[in-house]
There are 2 protein chains.
Amino acid sequence: MPEKKVGRPRGFDREQALNAAVTVFWEKGYDGTSMRDLTDAMGINSPSLYSVFGDKQQLFMAAIDHYSQNFGKSPISAFNDETDIKKAIIAFLETGITEDDSTPEHPKGCFISSCVPTSAGHVEGATEKLQHIIKGADSLFAARFEEEKSRGSLPADFPSEERARLMFDLRQGHVLRARADLPSARIEADLESRANMILSY
Amino acid sequence: MPEKKVGRPRGFDREQALNAAVTVFWEKGYDGTSMRDLTDAMGINSPSLYSVFGDKQQLFMAAIDHYSQNFGKSPISAFNDETDIKKAIIAFLETGITEDDSTPEHPKGCFISSCVPTSAGHVEGATEKLQHIIKGADSLFAARFEEEKSRGSLPADFPSEERARLMFDLRQGHVLRARADLPSARIEADLESRANMILSY
DNA sequence: CCAATTATGTAACGATCGTTATCAAATAAA
DNA sequence: TTTATTTGATAACGATCGTTACATAATTGG
């Protein structure tokens, strides 16, 4: 698997360093994070950071992608793993809420929803990343609803796209509450009712 | 109304300067905004800023309050102004969406929802401001639902607090979409359905 | 062993950061 | 007109910003 042969071998793990960068950006946002913060957390010097990740902005983009494919993916995975559609919806929302304040070593809320929007419009690429993620979620949920329809577990005229957006939008409220350090207990109690609502027709 | 008598009179309008500060923070967030950005936009020098607003962090807090009582208030006002509860819900969501990308001189999305969460946890006071605003919205909506119940326009066992949270959470999805510069047309088409959902029982 | 190549660590670059000292300008009170 | 008081503008403070030159270390291919 390691392709490189010539030259001094790299002394750190790229993915591990990227993980550390995610955590820092997640905590302080793009502009609140300094190169010093990053190199400290990643355990490397800035020349190494620049040679591997480009610059701060490119590292931020890489952090968004990395988060999306790891922490950010688990609510989606929980959704996909449930065969029953109602359970899938609850699993998505529930996993999200749990993730929002899971380990004390991670900041509250979702990195994408809590930190990236601030950068949209003045940090290059941020808006595009957001759009891609939102559209991805919308169409993933909508596709699942369509699948359920073709399977007969949802009525033929169920408004898949509208309810997909609804699911995603609800989640954003949960994220904001978590980021604000408000208790998730009351929201979790709402989940059953909310899933019913998303599916009602 | 002007109380001051002695000394050189102030050469700028406090509220006007605060408005300019809001716009800059709204665009770039707390850490992305420099003192230079602020003094340029506000049309004053930094010593004036410090004497009137304290420091950058205190100005940020003042900006949050000012936004809440102006731009941020209009969806709430639209809600309060409607006597019919369903129309009130639609007015709240619709006014919010319209406000999210109204004038080109204002950044997209809601300042509070788009920019303040990034600062929660590492800018003093941000978390508390968010908590206060969220709780305020929750209880405003819940109180209105309770009022409707006592008037008989909602069933006696209508879950006011849960639906209040639901309304607020939905709004957060709209804000994220607007900040990501996604079209609001499809979301606006959902409003009727969403209002029905919030009121359904 | 000797190039060639790649990564690391140090240290520095100019620029900008948030904040404040200093002094001149403008007003009210005496 | 003087004195007291407050605001204005200029300029500077040390610190930190993101980024990069440069020399050294560690590896592979000859």
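It should be emphasised that the depicted structure is a prediction, and the values quoted were computed from it without experimental measurement. As a basis for the values below, the full set of heavy atoms in this structure was taken, side chains included, without hydrogen atoms, waters or symmetry mates. Proteins get letters first, then strands, A, B, ... in listed order; numbering begins at 1 in each.
- Listed by chain and residue number, nothing satisfies the ring-ring contact (aromatic ring centres under 6.0 Å, His included) test with B:His122 (two or more places apart in sequence, or in another chain).
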Could you tabulate the donor-acceptor pairs under 3.5 Å formed by side-chain atoms of residues 13-21 of chain B, not counting sequence neighbours?
{"unit_1": "B:Asp13", "atom_1": "OD2", "unit_2": "B:Gln16", "atom_2": "N", "d": "2.9"}
{"unit_1": "B:Asn19", "atom_1": "ND2", "unit_2": "B:His66", "atom_2": "NE2", "d": "3.4"}

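- The side chain of A:Ser48 contributes an N or O atom lying less than 4.0 Å from OP1 or OP2 of C:dT8.
- Side-chain to base pairing of A:Arg8 with D:dA25: one donor and one acceptor N or O lie within less than 3.5 Å of each other.
- Contacts with DNA chain D (heavy atom under 4.0 Å) in residues 59-67 of chain B: none are found.
- At least one side-chain nitrogen or oxygen of A:Asn45 sits closer than 4.0 Å to the OP1 or OP2 atom of C:dG9.
- Closest to the side chain of A:Arg10, from the set C:dA7, D:dT7, D:dT6, is C:dA7.
- Judged by distance alone, with hydrogens and angles left aside, the side-chain atoms of B:Ser160 form no donor-acceptor pair with the main-chain N or O of B:Ala143 at under 3.5 Å.
- Following rounding to the nearest Å, A:Leu49 (CG) and C:dT8 (C1') show an atom-to-atom distance of 13 Å.
- Each salt bridge (charged side-chain N to carboxylate O under 4.0 Å, His left out) pair with one or both residues in residues 46-68 of chain B, not counting sequence neighbours, appears once here: B:Asp65-B:Lys129.
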Close N or O pairs between protein and nucleotides 13-20 of chain C (under 3.5 Å):
{"unit_1": "C:dC17", "atom_1": "OP1", "unit_2": "B:Ser34", "atom_2": "OG", "d": "3.1"}
{"unit_1": "C:dG18", "atom_1": "OP1", "unit_2": "B:Thr33", "atom_2": "O", "d": "3.2"}
{"unit_1": "C:dG18", "atom_1": "OP1", "unit_2": "B:Lys56", "atom_2": "NZ", "d": "2.8"}
{"unit_1": "C:dG18", "atom_1": "OP2", "unit_2": "B:Met35", "atom_2": "N", "d": "2.6"}
{"unit_1": "C:dT19", "atom_1": "OP2", "unit_2": "B:Tyr50", "atom_2": "OH", "d": "2.2"}
{"unit_1": "C:dT19", "atom_1": "OP2", "unit_2": "B:Lys56", "atom_2": "N", "d": "3.3"}
{"unit_1": "C:dT19", "atom_1": "O5'", "unit_2": "B:Tyr50", "atom_2": "OH", "d": "2.6"}
{"unit_1": "C:dT20", "atom_1": "O4", "unit_2": "B:Ser46", "atom_2": "OG", "d": "3.1"}

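- Sequence neighbours left out, the pairs with a member in residues 156-199 of chain A that pass ring-ring contact (aromatic ring centres under 6.0 Å, His included) are A:Phe145-A:Phe158.
- Partners of B:Ser139 according to the side chain to side chain contact (heavy atoms under 4.5 Å, CB included) rule, which considers only residues two or more places apart in sequence or in another chain, do not exist here.
- Legend: ring-ring contact (aromatic ring centres under 6.0 Å, His included) pairs involving residues 85-104 of chain B, not counting sequence neighbours, sorted by first then second residue: B:Phe92-B:Phe141.
- Residues in residues 69-86 of chain B take part in these salt bridge (charged side-chain N to carboxylate O under 4.0 Å, His left out) pairs, two or more places apart or across chains: B:Lys86-B:Glu192.
- Of the residues in residues 18-26 of chain B, not one places a heavy atom less than 4.0 Å from an atom of DNA chain C.
- For the side chain to side chain contact (heavy atoms under 4.5 Å, CB included) test, residues two or more places apart in sequence or in another chain that qualify with B:Val24 are B:Thr33, B:Asp37, B:Leu38, B:Ala41.
- Contacts of B:Asp101 classified as side chain to side chain contact (heavy atoms under 4.5 Å, CB included), with partners at least two apart in sequence or in another chain: B:Lys108.
- Ring-plane geometry between A:Tyr67 and A:Phe111 is classed as perpendicular, the angle between the planes exceeding 60 degrees on a 0 to 90 degree scale with a lower cut at 30.
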